[in-house]
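Have a look at the structure below before the remarks.
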Amino acid sequence: MNSQANKIIDSFSFFHSWEEKYEYLIELGREMSPLNPKFKNDNYLIPGCQSKVWLYCEKKNKKLYFYGDSDALITKGIVAIIIQLYSGLSKKEILLEDEDVFEIIGLRDHLSMTRANGLNLMITKIKQFANN
Amino acid sequence: MNSQANKIIDSFSFFHSWEEKYEYLIELGREMSPLNPKFKNDNYLIPGCQSKVWLYCEKKNKKLYFYGDSDALITKGIVAIIIQLYSGLSKKEILLEDEDVFEIIGLRDHLSMTRANGLNLMITKIKQFANN
Amino acid sequence: MSPLDINIIRSKFPFLKTIKNKDFIYFDNAATTQKPETVINAISNFYTNENSNIHRSVHRIGAVATKKYEDTRWIVKDFISARSAEEIVFTSGATEAINLVANSFVKPMLCETDIILASSLEHHANLIPWQMIAKETGATIKMLPIKKAEFIQNSLEQEELDYTINLVELKEFLSTHGDRVKFIAAQHISNVNGGIQDVKELTKLAHSFNIPILIDGAQAAAHIEVNVQDIGCDFYCFSGHKIFGPTGVGVLFGKSLLLKRFQPYQYGGGIVQRVENASTIFREAPQNLEAGTPNIAGVIGMGAAIKFITNVGLQNIQKQELSLKKYLRSKLNKIEGISIYQGHNSLKLNKLFSSPVFSFNVNGVHHYDLAVLLAENNILVRSGDLCSQTFMRVLGVSGCVRASLSFYNTRAEIDAFLLSLKKAIKLLKG
Amino acid sequence: MSPLDINIIRSKFPFLKTIKNKDFIYFDNAATTQKPETVINAISNFYTNENSNIHRSVHRIGAVATKKYEDTRWIVKDFISARSAEEIVFTSGATEAINLVANSFVKPMLCETDIILASSLEHHANLIPWQMIAKETGATIKMLPIKKAEFIQNSLEQEELDYTINLVELKEFLSTHGDRVKFIAAQHISNVNGGIQDVKELTKLAHSFNIPILIDGAQAAAHIEVNVQDIGCDFYCFSGHKIFGPTGVGVLFGKSLLLKRFQPYQYGGGIVQRVENASTIFREAPQNLEAGTPNIAGVIGMGAAIKFITNVGLQNIQKQELSLKKYLRSKLNKIEGISIYQGHNSLKLNKLFSSPVFSFNVNGVHHYDLAVLLAENNILVRSGDLCSQTFMRVLGVSGCVRASLSFYNTRAEIDAFLLSLKKAIKLLKG
Ligand SMILES: Cc1ncc(COP(=O)(O)O)c(C=O)c1O
Ligand SMILES: Cc1ncc(COP(=O)(O)O)c(C=O)c1O
């Protein structure tokens, strides 16, 4: 498990009610470095989510860096976590990463109950970037 | 109720088991005066029955006379009863006749349980003849 | 019937009383309704006692099944006051009913210069089929004019936008283009705002230009009395699962003369008289439109649902829903920054009534976030485009939250919903 | 699993054990099968605990319903050994599945000089759809060659007619006309005589001429193991209600690449990405082929039926059915004047096995009369053309009686059937 994942898990370990977890998730979304508005177009949109999700990928020194946004706050928080997890890794590391952080922080159940959030679609997209 | 109906009801009153009733029904079919083979064609066929039923109507002295046949014995018995009931009546009498003889002789339940026999289609056809 | 005893009513719905679900507040009734015990039992009973294929059987069980299936045609006929049971076609749902009319009736008569009219208020099921046959034939699909500019008074005497079809404008359009318009499709009640269209006047107008019309009653049949003879429409449809019945079954009503002109839509067992290697002679409507083994248990279950509605009484259902609606509306109005897209009754007959469907957005809050947080509080609402993207565009939003009630919901549920809604807004607004 | 305990098996089917039906002998399994308790309970349980619309919901109940529905795609995938769950489309039955392939895949590629091949052994559901798209496009429908002239040995080492597809003749035909043949449709197992086609060889032959092929498995899936990868066919279909599942639901298997080329067949909610007033962008297969609210409870019930079959084991079912088949066949053979149109297994792998479907006529006796008298004795068989008029013509009859068994039938039932049959013949022969 990469150190980013550990950091996320650590932060979430303070919260026990789902309300607190969502509150923190929303905070993460709010604090995420913004996506350059020029990438907020249909080319970077992930289709199939109920809220809009944009995801942009940049390659620097053999590592991938992700930037994203969403029009919904909870989704944006999920984007923030995913970016924190995968940004700065090599393609290979991304493809190998299969730890379910959302499971560990206790949100998987909530988030997959509300499938329309596109969590799986986002991870699939990240892996696609790493596969190209 | 016309006298033909009474005759049929009387005859059936001797039989109590469904086997006997069917046996008698089949006998009636066997004894029915045959339909002129030239009418055994698609023009006189009643569509929708599982067995073939032909019904021919002749007008004499303002009365209608019916002739019919079927390739199945039980159906032929039904045809025989229907002909016995309606043959020789005026159009008006036919249209007014609404007694359910099959109910009274205790076969209605059996026959309508096996709808594919087209009992209702035959009666409808007879009434159509009377309506023209 | 005296006013409904809500506890008795709720006790008839296993979903509402089962322990597993006792904490859930089901406000997603426009998506699908819960089922009374009588419906669930009708299905189990069929499979336990009468299960058999229908129509072609000479045996007793087959005859009982056939009778129950065909009896349901009469039950439906009475429910929507059709002229005869032959006007009732069983389908797999409202969606199939509309596709059937589009493909078997409208498409064969379309040519390039023709126009089909539908409204931008329609559910996708009553829009895309028309788009597609227009595309295939080169015909044009145009939107029925909507009154959206007019402000009207809602049930609480407030001003709100009126999203009903503008019959005056439509008449003008038809006066110049009426000869090119080959079909009109419109909703009876909206799945977005619960607004009721004046389908009787709309039908009159269509017929004065000799245009056949389909009314999509998917959101109507569980809420108001439907009388297709009074409306006068040529086609009417709804789904079993939205009127307390099973999934996988629905109804198309069609005037007999028009159904007779349908090309069968699907081909298979039960619809033929004579089959040769290369050709086939078909039976008459409605039988020729129900190819293959139908959803026998589904049809019988839908019959039980209609009996349930009739027993409770649509008048009583309406009364109950009206009261819930007024209560929720008055409370919802007080939420800061809320936009409620609620419809009204263009009939003006019963000024207060529209169906209890509340779609809304809260300023600065995403509908998805709201729905998720409500769901975490066990409040089941819907969010998104509600399969009505063109209506969303009319409203100028990408989606919304929809709380859709049924007569079995309660004021206590509304209170809990409002509490959670306020909590969620607070959390999201930070 | 050890040999089946028939009493245990029968106790799992409410229809077979309910007092009301205890006198009935159900020999109409090719029309529809009875349902195990687990299937009936799966449906009740869905409506009681999880009832909700699927796919578009953010709430928990909606997610559970969606998961159960989508899980069934996996159950079906495993059941017929498809490559992926995306190859599974839920339909309202086998009839809709075939119509879907005909309209959405075959019809768009047909032109006047093209040929579609089907067989005269087909159920109407697998014949008329092909006739109709041929008629609409001007293409020709031709019959696959049948071996009917050849005598073969049946399971009791008697000579009987072989009604399977003649692959040698077919190959010759394709060698000269193969480029014009755009599609082949054939049955896996016949609903008339239970004969099993060698669909694997047939598929190989079709593919060697680049012709896509559909196999109608409506009569197969409850009797033999189906492996679509092994068969290699492009499409395969069956109905839920014939595999111990609910009515109103069925399956189309299609190879992913081909399903992707389908035009949606029906349009409505759940299949779209973006809708404008005049145009729409669709989702991918299989979602774009399941418009509107599907038969959610039906799909889940079918999943329970498949689990039931898997638990009993198809091997066990086959063993049981083979034993019943041999018993009935040997007794039936002794009836004077009987003609039994029973099929055989063209695969030769398991020479004794074909499905336990017995169609027959008795010399000088009408099939309808026989069926009625059997029904009076509470023996439920079917009679007539069995939705297979072209097969009847091949047999040279207008109809027949069909006794179709399932593994839950017993020798005692067979004895009672034979007794009634003899009594009926006697009565009818006078
Ligand atoms: C061989 C065959 N194909 C197709 C069908 C059609 O199945 P359904 O009526 O369930 O759509 C049947 C059912 O009778 C059948 O026996
Ligand atoms: C107005 C309207 N029309 C049609 C439909 C389609 O109904 P179904 O999905 O049951 O076919 C719906 C269901 O959401 C609806 O609300």
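Quick note on labels: first sequence line is chain A, next is B, and so on, each numbered from 1.
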Exercise for the section: Quick one: pull up CG in C/Asn295 and CG in D/Asn295 and give me the separation to the nearest 0.5 Å. Expected result: 5.0 Å
Completion exercise
Interatomic distance, CE@C/Met132 vs CD@D/Gln266, rounded to 0.5 Å, equals 13.0 Å
Practice task
Measure C/Leu380 against the heavy atoms of chain D and call it side chain, backbone, both or neither at under 4.5 Å.
Solution key: both
Problem - side chain to side chain contact (heavy atoms under 4.5 Å, CB included) partners of C/Asp385, counting only residues at least two apart - result: C/Gln389, C/Met392
Exercise for the section: Output yes when a side-chain donor or acceptor of D/Asn99 lies under 3.5 Å from a complementary backbone atom of C/Tyr267, and no otherwise. Expected result: yes
Exercise for the section: Using only heavy-atom distances, determine whether the side chains of D/Ser92 and C/Ser92 contain a donor-acceptor pair under 3.5 Å. Expected result: no
Problem - Contacting moiety of D/Ser383, where chain C heavy atoms sit under 4.5 Å - result: both
Exercise for the section: Search all heavy atoms of C/Gly269 against all heavy atoms of D/Cys387 and return the closest pair with its distance. Expected result: CA-SG, 3.8 Å
Exercise for the section: Identify which part of C/Pro294 has an atom lying under 4.5 Å from any heavy atom of chain D, answering side chain, backbone, both or neither. Expected result: backbone
Handout entry: Portion of C/Val249 that has a non-hydrogen atom of chain D nearer than 4.5 angstrom
Key = neither
Exercise for the section: To the nearest 0.5 angstrom, please state how far the CG atom of D/Asn51 sits from the CZ atom of C/Phe13. Expected result: 10.5 Å
Problem - Contacts of residues 26-33 of chain D with chain C (heavy atom under 4.5 Å) - result: D/Tyr26, D/Asp28, D/Ala31, D/Thr32, D/Thr33
Problem - Sub-4.5 Å side-chain heavy-atom contact between D/Tyr47 and C/Val39 - result: no
Completion exercise
In terms of heavy-atom pairs under 4.5 Å with chain C, the winner among D/Lys242, D/His123, D/His241 is D/His241
Fill in the blank from the handout: Heaviest contributor of heavy-atom pairs below 4.5 Å to chain D, chosen from C/Pro264, C/Gly248, C/Ala118, C/Ser119, is C/Gly248
Practice task
Please flag which part of C/Glu122 lies under 4.5 Å from any non-hydrogen atom of chain D: side chain, backbone, both or neither.
Solution key: neither
Practice task
With sequence neighbours left out, write down each residue that passes side-chain hydrogen bond (donor to acceptor under 3.5 Å, both in side chains) with D/Lys68, or none if nothing qualifies.
Solution key: D/Glu50
Practice task
Name the option with the most non-hydrogen atom pairs under 4.5 Å to chain D; the candidates are C/Gln131, C/Gln34, C/Glu96.
Solution key: C/Gln131
Exercise for the section: Measure distances from C/Ile296 to the heavy atoms of chain D and classify the residue's part below 4.5 Å as side chain, backbone, both or neither. Expected result: both
Exercise for the section: Just give me the residue among D/Thr247, D/Thr390, D/Thr95 that pairs up with chain C most often, heavy atom to heavy atom, under 4.5 Å. Expected result: D/Thr247
Exercise for the section: Any chance you could measure C/Asn53, atom CG, to D/Arg382, atom CZ, to the nearest 0.5 Å? Expected result: 5.5 Å
Problem - For chain D, the option from C/Thr293, C/Val299, C/Asn103, C/Asn126 that forms the most heavy-atom pairs under 4.5 Å - result: C/Thr293
Handout entry: Where at least one partner belongs to residues 30-43 of chain D, residue pairs that pass salt bridge (charged side-chain N to carboxylate O under 4.0 Å, His left out), sequence neighbours excluded
Key = D/Lys17-D/Glu37
Handout entry: Close aromatic pair by centroid cut-off 6.0 Å: C/Phe15 and D/Phe46
Key = no
Practice task
Determine the option with the most heavy-atom pairs under 4.5 angstrom with chain C, choosing from D/Pro246, D/Gly250, D/Ser388.
Solution key: D/Pro246
